[in-house]
Enquirer: 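Take this structure, written in structure tokens, and hold onto it; I'll ask about it next.
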Protein chains: 4
Amino acid sequence: MSTSDSDGKLSKREQRREDRRDEIKQAAIKVFSEHGYHAAKVSQIVKEVGVAQGTFYLYFEGKEQIFGEILEDFLELVVSTIAAWEPSDLDTREALGSDLKRVGLLLTDVLMENREMTGIFFRESQAVNQELQTLIREFYETLLAMLTSFNRILHERGLIAKMNFRVLSSMTIGMVERVIKEYVVHGQLEDVPAEEVVDNLVVYYLSGTTRDIE
Amino acid sequence: MSTSDSDGKLSKREQRREDRRDEIKQAAIKVFSEHGYHAAKVSQIVKEVGVAQGTFYLYFEGKEQIFGEILEDFLELVVSTIAAWEPSDLDTREALGSDLKRVGLLLTDVLMENREMTGIFFRESQAVNQELQTLIREFYETLLAMLTSFNRILHERGLIAKMNFRVLSSMTIGMVERVIKEYVVHGQLEDVPAEEVVDNLVVYYLSGTTRDIE
Amino acid sequence: MSTSDSDGKLSKREQRREDRRDEIKQAAIKVFSEHGYHAAKVSQIVKEVGVAQGTFYLYFEGKEQIFGEILEDFLELVVSTIAAWEPSDLDTREALGSDLKRVGLLLTDVLMENREMTGIFFRESQAVNQELQTLIREFYETLLAMLTSFNRILHERGLIAKMNFRVLSSMTIGMVERVIKEYVVHGQLEDVPAEEVVDNLVVYYLSGTTRDIE
Amino acid sequence: MSTSDSDGKLSKREQRREDRRDEIKQAAIKVFSEHGYHAAKVSQIVKEVGVAQGTFYLYFEGKEQIFGEILEDFLELVVSTIAAWEPSDLDTREALGSDLKRVGLLLTDVLMENREMTGIFFRESQAVNQELQTLIREFYETLLAMLTSFNRILHERGLIAKMNFRVLSSMTIGMVERVIKEYVVHGQLEDVPAEEVVDNLVVYYLSGTTRDIE
DNA sequence: TATGAATGAGTCTTCATTCAT
DNA sequence: TATGAATGAAGACTCATTCAT
């Protein structure tokens with residue numbers, strides 16, 4: 001998300017270009033978030049930034065492309081947030097629990113800071129075109145694969161019970177996803193502190209996977 | 001699903017009208033399912049049925065309206081399926097488990113029989129307009145309320161542990177939802193039999209809510 | 001050009017459709033002829049007919065397509081005019097001469113009746129797109145092939161001298177073409193009667209091919 | 001062609017300016033030749049030269065203007081080539097023939113060296129705007145007038161027969177033109193040596209104008 | 001009821017040209 | 001002179017909806 005591409009310095013001109021791009025992208029996020037992809041007009045986006053219609057096309061190929069880019073940004077944000085998580089040694093269920101809470105809170109923070117993008121993602125990213133549908137499908141496949149293998153490892157370490165790990169992973173993703181929708185997108189659970197929400201998720205996950213180990 | 005107002009008999013003319021309506025609606029489901037709401041064209045729907053463009057408007061107010069109606073059908077289908085479920089006495093966790101399996105399989109059956117509508121629902125029902133967003137929000141609120149109160153009762157009967165029941169309900173919904181997406185919509189878990197999938201869901205739910213009662 | 005497709009009768013509805021199509025096509029010819037392809041607006045065409053913008057697209061795929069169709073009509077008109085010509089026995093140069101005059105006058109008539117299309121053809125048919133360039137190239141190839149073989153036959157019958165017949169054909173086409181441009185398109189030679197113009201062409205052709213037969 | 005005002009030397013600065021102008025013009029010829037006037041973009045031209053978009057406008061008024069200038073260059077090239085021809089005394093048809101061959105080959109050479117411009121001229125110079133259409137019309141009028149008067153003189157010297165000299169000139173121009181298109185632009189007659197092509201043209205012209213003098 | 005031709009508002013996109021630096 | 005970012009006018013095309021027959 002930051003513009004520090006390949007950590008290199010950008011020339012002043014390049015910097016200005018990046019800034020302008022970002023400015024437009026932010027405006028697009030706002031407009032998409034308010035009206036949805038189909039109802040959003042390029043004219044609204046440029047008006048938001050205060051530039052001419054043509055300027056938009058100097059930075060993006062079109063409405064579809066910028067939407068795709070925004071979506072990719074979001075997916076990358078989520079993946080990198082999760083990937084940034086350094087699991088501790090995880091030799092006890094307690095350690096596992098506190099680790100999960102940590103990553104859960106981290107993700108919550110990030111998504112809360114990007115509520116609009118999160119909302120766009122859930123509300124209609126699938127409805128734009130086939131390409132994005134595929135992108136999202138792959139995103140879920142990645143998550144699913146990551147979680148499945150993670151669960152398998154936990155099982156080998158005797159931390160969770162034997163289950164159909166793919167189904168387990170699906171359930172876990174759905175569980176988290178729904179809570180995010182309620183909490184982040186709809187602000188429905190707002191009276192409940194994030195900690196408690198995450199706590200419930202983790203406890204549920206842990207208990208749900210305990211069964212016959214005990 | 002049928003518009004059998006007051007369960008009464010329909011005159012031949014009314015019956016014919018109903019049939020035609022249904023025919024168009026089925027075609028619309030097919031077209032929406034294949035192309036998505038925005039890419040779907042009224043012309044495709046009528047071609048599918050083999051009637052003229054104008055005929056469509058004799059039965060439906062327009063594209064948005066028929067989509068809304070299809071969505072409402074779906075929501076009603078889901079709600080009525082769940083509502084049709086007569087919980088047994090549920091005095092033990094075993095009874096609860098088998099009951100949940102029963103309703104789970106029931107729902108799976110119904111959704112599998114209506115895969116296209118299920119897909120439409122998940123993929124983009126939110127993206128059409130504000131009105132439908134509200135409708136769907138209310139649907140979830142209803143589910144949430146039902147589950148929350150259900151969970152509370154179970155807790156009172158000592159069947160499940162004390163938790164934040166709203167969060168618990170959210171999690172449960174998401175869990176089920178995600179699995180439905182994978183299983184029904186994407187056909188992703190197809191090698192796993194429905195029984196096993198449902199079984200995993202129920203076990204997970206039960207364990208996840210067990211914690212400190214034992 | 002006539003709508004008597006495959007000599008079959010058209011139903012009333014089909015007939016009306018054909019009429020409307022033709023009406024639009026005539027308007028398009030007028031607009032293209034006045035403004036040229038690029039400067040011509042679809043909006044001008046429909047205004048000319050007195051229908052809405054969308055109506056245009058019920059009958060034609062777009063601006064490019066209708067232009068192509070008009071051009072094809074023209075090429076077919078020319079080819080069929082020439083093809084309609086039944087050469088007489090042609091055993092003497094006199095017979096050849098009078099025959100050539102006949103077809104020349106025929107062609108002149110047809111082109112004069114379709115001045116606008118003729119003008120469009122010469123002025124910019126090449127400039128529209130590659131596809132049309134190819135079409136036109138093929139048209140010339142056809143003419144060239146026809147003429148070349150025709151000239152060869154005349155030579156075999158001892159009516160014209162031995163020459164490079166392909167070059168001869170090219171020259172002949174160009175000669176005729178230029179005169180058409182002056183006479184039909186620019187109205188430049190208008191004081192000269194068509195008969196005289198054609199006469200000059202024929203005499204020139206005949207003398208130009210006489211050389212060593214005498 | 002060059003802007004060498006008063007045939008004087010150009011200062012270094014002026015020289016550099018001229019060079020840059022020419023560079024851009026050459027690039028424009030290339031781009032126009034490849035894509036045609038309408039499809040050609042100023043951005044392509046400047047990219048070809050390696051300068052910025054704005055630079056183009058330091059040297060030319062715009063796309064239309066540079067095209068016009070290129071076209072004028074071409075017309076001047078043709079006219080000056082013909083004008084450069086010093087007719088010999090021309091008292092016999094043999095002398096006339098060899099003279100015509102000479103100028104024919106000269107013209108062929110020049111056009112072959114400027115194939116791209118030649119192609120631009122034939123393909124779509126007419127389609128750009130009214131102004132150029134007029135320019136081209138005048139060019140043809142000039143040629144026509146030159147040829148007409150030339151033919152008249154030849155007739156007076158008893159070298160060619162009496163004909164409608166304007167029509168004759170038109171025919172001659174068309175004849176040459178078509179052959180040029182085939183030979184220079186389309187490379188269609190490439191297997192035939194230039195000499196033969198020109199020879200055919202001259203012979204045809206001479207025979208075509210012989211008729212009753214003999 | 002059924003038809004399907006006609007409507008026309010609505011939006012994305014292109015690209016020649018300008019101008020502040 | 002050179003740059004290149006910004007401009008903004010202009011137009012093709014789509015498609016849900018209407019309505020005369």
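Order of the sequence lines sets the chain letters (A, B, ...), proteins ahead of strands, with each chain counted from 1.
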Enquirer: Would you say the side-chain atoms of D:Glu14 pair up with the backbone N or O of D:Ser11, donor to acceptor, closer than 3.5 Å?
Expert: yes
Enquirer: Atom CD of B:Gln44 to atom C1' of F:dT14: distance rounded to whole Å?
Expert: 13 Å
Enquirer: Taking the side chain as C-beta and beyond, is there a heavy-atom pair between C:Thr55 and C:Val46 under 4.5 Å?
Expert: no
Enquirer: With a 4.5 Å limit on heavy-atom distance, are the side chains of B:Thr118 and B:Phe122 in contact?
Expert: yes
Enquirer: When the distance from CD1 of B:Ile45 to P of F:dT17 is rounded to whole Å, what number comes out?
Expert: 11 Å
Enquirer: Answer whether the closest heavy-atom distance between the side chains of D:Ile24 and D:Ile45 falls below 4.5 Å.
Expert: yes
Enquirer: For C:His38 and D:His38, take the angle between the two ring planes, folded into 0 to 90°, and tell me which bin it lands in: parallel under 30, tilted 30 to 60, perpendicular over 60.
Expert: parallel
Enquirer: Rounded to the nearest angstrom, tell me the gap between atom CD in C:Gln65 and atom C1' in F:dA12.
Expert: 14 Å
Enquirer: Hey, can you pull the residues of residues 27-35 of chain A with a non-hydrogen atom under 4.0 angstrom from DNA chain E?
Expert: none
Enquirer: What's the NZ-C1' distance between D:Lys63 and E:dT14, to the nearest Å?
Expert: 11 Å
Enquirer: Do C:Glu124 and D:Glu124 have side-chain heavy atoms sitting under 4.5 Å apart?
Expert: no
Enquirer: What integer distance in Å separates A:Lys12:NZ from F:dA5:P?
Expert: 16 Å
Enquirer: Could you tell me whether the side chains of A:Glu69 and A:Gln65 share a donor-acceptor contact shorter than 3.5 Å?
Expert: yes
Enquirer: Any donor and acceptor pair, going by atom type alone, linking the side chain of B:Asn129 with main-chain N or O of B:Leu132 inside 3.5 Å?
Expert: yes
Enquirer: Just so I know, are the side chains of C:Gln133 and D:Arg123 near enough to count as touching, which here means a heavy-atom distance under 4.5 Å?
Expert: yes
Enquirer: I want to confirm an ordering. Mapping B:Arg16 and A:Glu64 to their closest nucleotides on DNA chain E, which one lands closer to the 5' end?
Expert: B:Arg16
Enquirer: When the distance from CD of C:Glu23 to C1' of E:dA6 is rounded to whole Å, what number comes out?
Expert: 13 Å
Enquirer: Are C:Tyr57 and F:dT14 close enough that a side-chain N or O sits under 4.0 Å from OP1 or OP2?
Expert: no
Enquirer: Between A:Arg17 and B:His38, name the one whose nearest nucleotide on DNA chain F is closer to the 5' end.
Expert: A:Arg17
Enquirer: Is the closest side-chain heavy-atom distance between D:Phe32 and D:Met117 below 4.5 Å?
Expert: no
Enquirer: Can you confirm whether C:Val42 sits close enough to C:Tyr57 that some side-chain heavy atom of one is under 4.5 Å from a side-chain heavy atom of the other?
Expert: yes
Enquirer: Dump every N/O contact between nucleotides 2-4 of chain F and the protein below 3.5 Å, one line per pair.
Expert:
unit_1 : atom_1 : unit_2  : atom_2 : d
F:dA2  : OP2    : D:Tyr59 : OH     : 2.6
F:dT3  : OP2    : D:Ala52 : N      : 3.1
F:dT3  : OP2    : D:Thr55 : OG1    : 2.7
F:dG4  : OP1    : A:Arg13 : NH1    : 3.4
F:dG4  : N7     : D:Gly54 : N      : 3.0

Enquirer: NZ of B:Lys41 versus P of F:dC13: gap in Å, rounded?
Expert: 15 Å
Enquirer: In whole angstroms, how far is the C1' atom of E:dA5 from the CD atom of C:Glu18?
Expert: 15 Å
Enquirer: Given C:Asp19, which of C:Arg17, C:Arg16, C:Gln15 fulfils the side-chain hydrogen bond (donor to acceptor under 3.5 Å, both in side chains) condition?
Expert: C:Gln15
Enquirer: For DNA chain E, please output the secondary structure as dot-bracket, reading 5' to 3'. Pairs are Watson-Crick or G-U wobble, both atom distances under 3.5 Å; mark crossing pairs with [ ], other-strand partners with |, unpaired with a dot.
Expert: .||||||||||||||||||||
Enquirer: For D:Ala39, report the nucleic acid contact type (base, sugar-phosphate, nothing); a contact means any heavy atom under 4.0 Å.
Expert: nothing
